[in-house]
Amino acid sequence: MAVFGDFPGLPDGRRTISHLLFTEPYLQLYRTGWERAACAHVARLRVLLGRYRGDAELAAHIDHMRDLNADFARMWAEHPVAQVRGREYLLHHPVVGDLTLHGELIALPDEPSCWGLDLFAAEPGSASEQALRKLASL
């Protein structure tokens with residue numbers, strides 16, 4: 001099992017951090033600090049909406065998430081705005097236990113249809129890095 005479950009097995013339209021945070025119950029169950037991470041994500045989407053004004057795909061994604069999940073709709077209605085690039089994810093993975101991952105949102109300037117790429121890494125030499133290596137070997 002990968003860190004975020006069977007991510008490649010998800011339908012194309014659901015392979016987003018938004019969907020992982022708000023519609024995949026297994027992730028909410030073993031995430032520590034879910035509310036903070038989810039709110040930071042919504043705040044980041046609001047920044048992207050301002051940056052990519054008129055992007056129909058981004059607007060449709062936000063509308064879809066608002067309709068799909070009450071927590072997303074509540075957080076969106078609170079109007080959080082934050083330029084969030086780096087985030088810490090504290091997970092309790094069902095196979096390898098506790099993981100601390102550092103996520104970094106990377107802008108892709110030559111790819112206008114992509115609002116950014118989330119990269120995740122563990123601290124070198126940490127127990128989380130060892131756990132990731134174990135997951136990779138499974």
Side-chain angles (χ1 to χ4, degrees):
M1 173 183 243
V3 173
F4 296 115
D6 185 17
F7 193 75
L10 294 172
D12 286 343
R14 294 181 69 96
R15 290 183 197 156
T16 70
I17 294 297
S18 296
H19 284 91
L20 285 175
L21 284 168
F22 291 97
T23 68
E24 298 302 321
Y26 69 88
L27 188 60
Q28 289 184 19
L29 290 175
Y30 68 81
R31 175 182 289 283
T32 302
W34 176 84
E35 182 85 15
R36 181 180 45 82
C39 190
H41 177 71
V42 171
R44 171 70 179 148
L45 284 176
R46 194 169 286 282
V47 168
L48 290 175
L49 190 62
R51 177 178 295 151
Y52 299 107
R53 290 179 195 178
D55 186 319
E57 189 176 340
L58 178 58
H61 173 75
I62 292 166
D63 287 343
H64 167 73
M65 292 305 302
R66 287 172 55 202
D67 292 342
L68 188 62
N69 185 274
D71 286 323
F72 185 96
R74 172 183 54 81
M75 290 176 188
W76 187 261
E78 293 169 356
H79 297 280
V81 179
Q83 182 66 9
V84 178
R85 290 190 65 199
R87 294 171 280 192
E88 186 173 81
Y89 290 83
L90 307 172
L91 307 173
H92 182 76
H93 193 277
V95 175
V96 295
D98 291 339
L99 292 170
T100 299
L101 300 178
H102 303 282
E104 186 78 19
L105 183 63
I106 306 296
L108 301 174
D110 295 333
E111 187 55 55
S113 66
C114 183
W115 311 307
L117 178 66
D118 277 297
L119 301 176
F120 299 92
E123 187 73 30
S126 68
S128 293
E129 181 189 37
Q130 292 172 10
L132 288 178
R133 290 186 187 282
K134 181 178 178 181
L135 273 179
S137 71
L138 299 177

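Residues take their numbers from the sequence shown, with the count starting at 1. Model, not experiment: these values are computed from the prediction.
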Student: Step by step, would you call Leu48 with Asp55 a side chain to side chain contact (heavy atoms under 4.5 Å, CB included)?
Tutor: CA-CA 10 Å; Leu48 290 175; Asp55 186 319; over 6 Å; no
Student: Got a sec, which residues hit ring pair (Phe, Tyr, Trp, His ring centres under 6.0 Å) with His102, two or more places apart in sequence or on another chain?
Tutor: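 If we apply the ring pair (Phe, Tyr, Trp, His ring centres under 6.0 Å) test to His102, skipping adjacent residues, there are no hits.
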Student: Checking the side chain of Thr100 only, and the main-chain atoms of Leu90 only, is there a donor and an acceptor separated by less than 3.5 Å?
Tutor: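 Pair absent, no side-chain N/O of Thr100 close to backbone of Leu90.
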Student: Relative to the ring of Phe72, is the ring of Phe22 parallel (under 30°), tilted (30 to 60°) or perpendicular (over 60°)?
Tutor: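 Phe22 vs Phe72 ring planes: perpendicular.
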Student: Determine whether a donor-acceptor pair (N or O, by modelled atom type, separation under 3.5 Å) exists between the side chain of Trp34 and the backbone of Leu21.
Tutor: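 Yes, because the side chain of Trp34 sits within donor-acceptor range (under 3.5 Å) of the backbone of Leu21.
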Student: Considering residues at least two apart in sequence or located in another chain, which fulfil the side chain to side chain donor-acceptor pair (under 3.5 Å) criterion with Asp12?
Tutor: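 Asp12 satisfies side chain to side chain donor-acceptor pair (under 3.5 Å) with Arg15 once adjacent residues are dropped.
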Student: When rounded to the nearest 0.5 angstrom, what distance separates CG in Leu45 from CE in Met75?
Tutor: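 Interatomic distance, Leu45 CG to Met75 CE, rounded to 0.5 Å: 12.0 Å.
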Student: Can you tell me how far CG of Leu58 sits from CG of Asp63, rounded to the nearest 0.5 angstrom?
Tutor: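 The distance works out to 9.5 Å.
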Student: Considering residues at least two apart in sequence or located in another chain, which fulfil the salt bridge (charged side-chain N to carboxylate O under 4.0 Å, His left out) criterion with Arg74?
Tutor: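 Only Glu35, Asp71, Glu78 meet the salt bridge (charged side-chain N to carboxylate O under 4.0 Å, His left out) criterion with Arg74.
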Student: Can you tell me if His64 and His19 form a side-chain donor-acceptor pair at under 3.5 Å?
Tutor: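 Yes, because at least one side-chain N or O of His64 sits under 3.5 Å from a partner of the opposite role on His19.
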Student: Please confirm whether the backbone N or O of Ala43 pairs with a side-chain atom of Arg46, one donor and one acceptor, at under 3.5 Å?
Tutor: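 Checked: no pair found.
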Student: Assess whether side chain to side chain contact (heavy atoms under 4.5 Å, CB included) is satisfied between Thr23 and Met65, documenting all intermediate values.
Tutor: CA-CA 9 Å; Thr23 68; Met65 292 305 302; 4.3 Å; yes
Student: Could you tell me which residues satisfy salt bridge (charged side-chain N to carboxylate O under 4.0 Å, His left out) with Glu123, sequence neighbours excluded, listed by chain and number?
Tutor: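 With neighbours one apart ignored, the set is empty.
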Student: Should we say atom CZ of Arg14 is surrounded by more than 12 heavy atoms from elsewhere, each under 6.0 Å from it?
Tutor: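 Result for CZ/Arg14: enclosed.
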Student: Can you list the residues that meet the salt bridge (charged side-chain N to carboxylate O under 4.0 Å, His left out) rule with Asp98, with sequence neighbours excluded?
Tutor: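 Partners of Asp98 under the salt bridge (charged side-chain N to carboxylate O under 4.0 Å, His left out) test: none.
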Student: Provide the closest heavy-atom pair for His93 versus Val3 in the form atom of the first, atom of the second, distance.
Tutor: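 Minimum heavy-atom contact is CD2-O, 3.6 Å.
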Student: Rounded at 0.5 Å granularity, tell me how far CD1 in Ile62 sits from OG in Ser18.
Tutor: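 One finds 8.0 Å between CD1 of Ile62 and OG of Ser18.
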Student: Once side chain to side chain contact (heavy atoms under 4.5 Å, CB included) is applied, do any residues pair with Ala131, and if so which ones, sequence neighbours excluded?
Tutor: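 If we apply the side chain to side chain contact (heavy atoms under 4.5 Å, CB included) test to Ala131, skipping adjacent residues, the hits are Val96, Leu99.
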